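What follows is a short report on a single structure.
Both ligands and their constituent atoms are indexed starting at 1 by order of listing. None of these values were measured; they are calculated from a predicted model.
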Amino acid sequence: MRRVLLSILLLIGVPALAQGTLPNVVILATGGTIAGTGATSTTTVGYTAAKVGVEALIDAVPELKKVANVRGEQVMQIASENMNNEAWLKLAKRVNQLLAQADVDGIVITHGTDTIEETAYFLNLTVKSKKPVVIVGAMRPSTAISADGPINLYNGVILAGSKEAVGKGVLVCLNDQINGARDVTKTNTATADTFRSPDLGFLGYMQDNKAHFYRQSTRKHTADTEFDVSNLDKLPAVDIGYGSANANDIAIKAYVAAGDKGLVYAGTGDGSQADGVKAALDAAHKKGVVVVRSSRTGNGIVARNGEVNDDQHDFVVADTLNAQKARILLMLALTRTTDTKDIQRMFYTY
Ligand code: SIN
């Protein structure tokens, strides 16, 4: 009888249940479009993000109960453009607390897509566990025709409860694709296939109620990083400057005057900087600000001592990190050291 029951369960595609135990997955809700509501079912622009609570998100996907024991916590309720350092610290601490519990197998975080890649990378560097952490979002609000939130949440819960995701670092899962936190970025303002890991590629698919991995990041993450935010309630101030034709030094000077400890400059091409910008960055460096040279292109390695003699200026290069992720690594690096050689090592490690 039991064998017949197991065969039926396998046939209807409920693998975890068929194995007799369901993973325990906690869903931490932070807001975003996945929790958004619009005036009508065709409202996919001009809706309000961060309206629906975590219990309603869970109730909207009854299939979750078949693949995991889920419970939810509303950690915050924001549109993700309002995500900030303090919220990241709160989230990282809660994730670490939960993952230290024997009765938690994995975590799903629901999040707005605009800064999902930044939260993912922050957690990738600060979560101290090999257990899966999966961040999901949606491009269409919960009230829309073909809302993508429910399927993304369903896939995220399966992924967070899977043994395949253990030790893979923080993952971002939307549109049936699994991306790694370090390399994923939002590439389109509106379409459901917006998340890409340019050049380097996504890690795998969610299909047929299962995670299928084909690659993984070679960079250190989670339990293998040197960063510990458990006793921090603040991060060093780091901002981003952006290169263009006719670039000027106004923003850089303002950031330094405001007390920034680090600056990331998303330069043109291979991280090149207009002469006036470089002079302002040199002046910032003289005041003790650590300068990281990144690129606005969004792809490729910023070559050390290429467009700029980094040894001479004592700048750090961002490797392949985009400016918003370089900002995160620089903040965390500055919690450990101001030594630019050591910070450069970190940029080649994470
Ligand atoms: C947000 O990032 O909170 C709004 C946009 C989205 O979730 O897609």
Can you find a heavy atom in the side chain of N82 that is under 4.5 Å from one in the side chain of T115?
no
Does a side-chain heavy-atom distance below 4.5 Å link T335 with P236?
yes
Partners meeting side chain to side chain contact (heavy atoms under 4.5 Å, CB included) with D260 (sequence neighbours left out)
A237, D239, Y255, L263
If you look at each N/O of ligand 1, which protein N/O atoms lie under 3.5 Å away, and at what distance?
from, atom 1, to, atom 2, distance (Å)
ligand 1, 2 (O), S80, OG, 2.6
ligand 1, 2 (O), T113, N, 3.2
ligand 1, 2 (O), D114, N, 3.0
ligand 1, 3 (O), S80, N, 2.6
ligand 1, 7 (O), T33, N, 2.9
ligand 1, 7 (O), T33, OG1, 2.9
ligand 1, 7 (O), T113, N, 2.8
ligand 1, 8 (O), T33, OG1, 3.0
ligand 1, 8 (O), T113, OG1, 2.4
ligand 1, 8 (O), A138, O, 3.2

Test item: side-chain donor near acceptor, K186 and T113, under 3.5 Å:
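Yes.
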For residues 132-143, please give each side-chain donor-acceptor pair under 3.5 Å, one per line with the distance, not counting sequence neighbours.
from, atom 1, to, atom 2, distance (Å)
R140, NH1, S146, O, 2.7
S142, OG, G36, O, 2.7
T143, OG1, G38, N, 2.7

Please list all pairs passing the salt bridge (Lys or Arg N to Asp or Glu O under 4.0 Å) test where one or both residues lie in residues 310-339, with sequence neighbours left out.
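As it turns out, the salt bridge (Lys or Arg N to Asp or Glu O under 4.0 Å) pairs with a partner in residues 310-339, which skip direct neighbours, are R182-D319, R219-D319, R293-D310, R304-D311.
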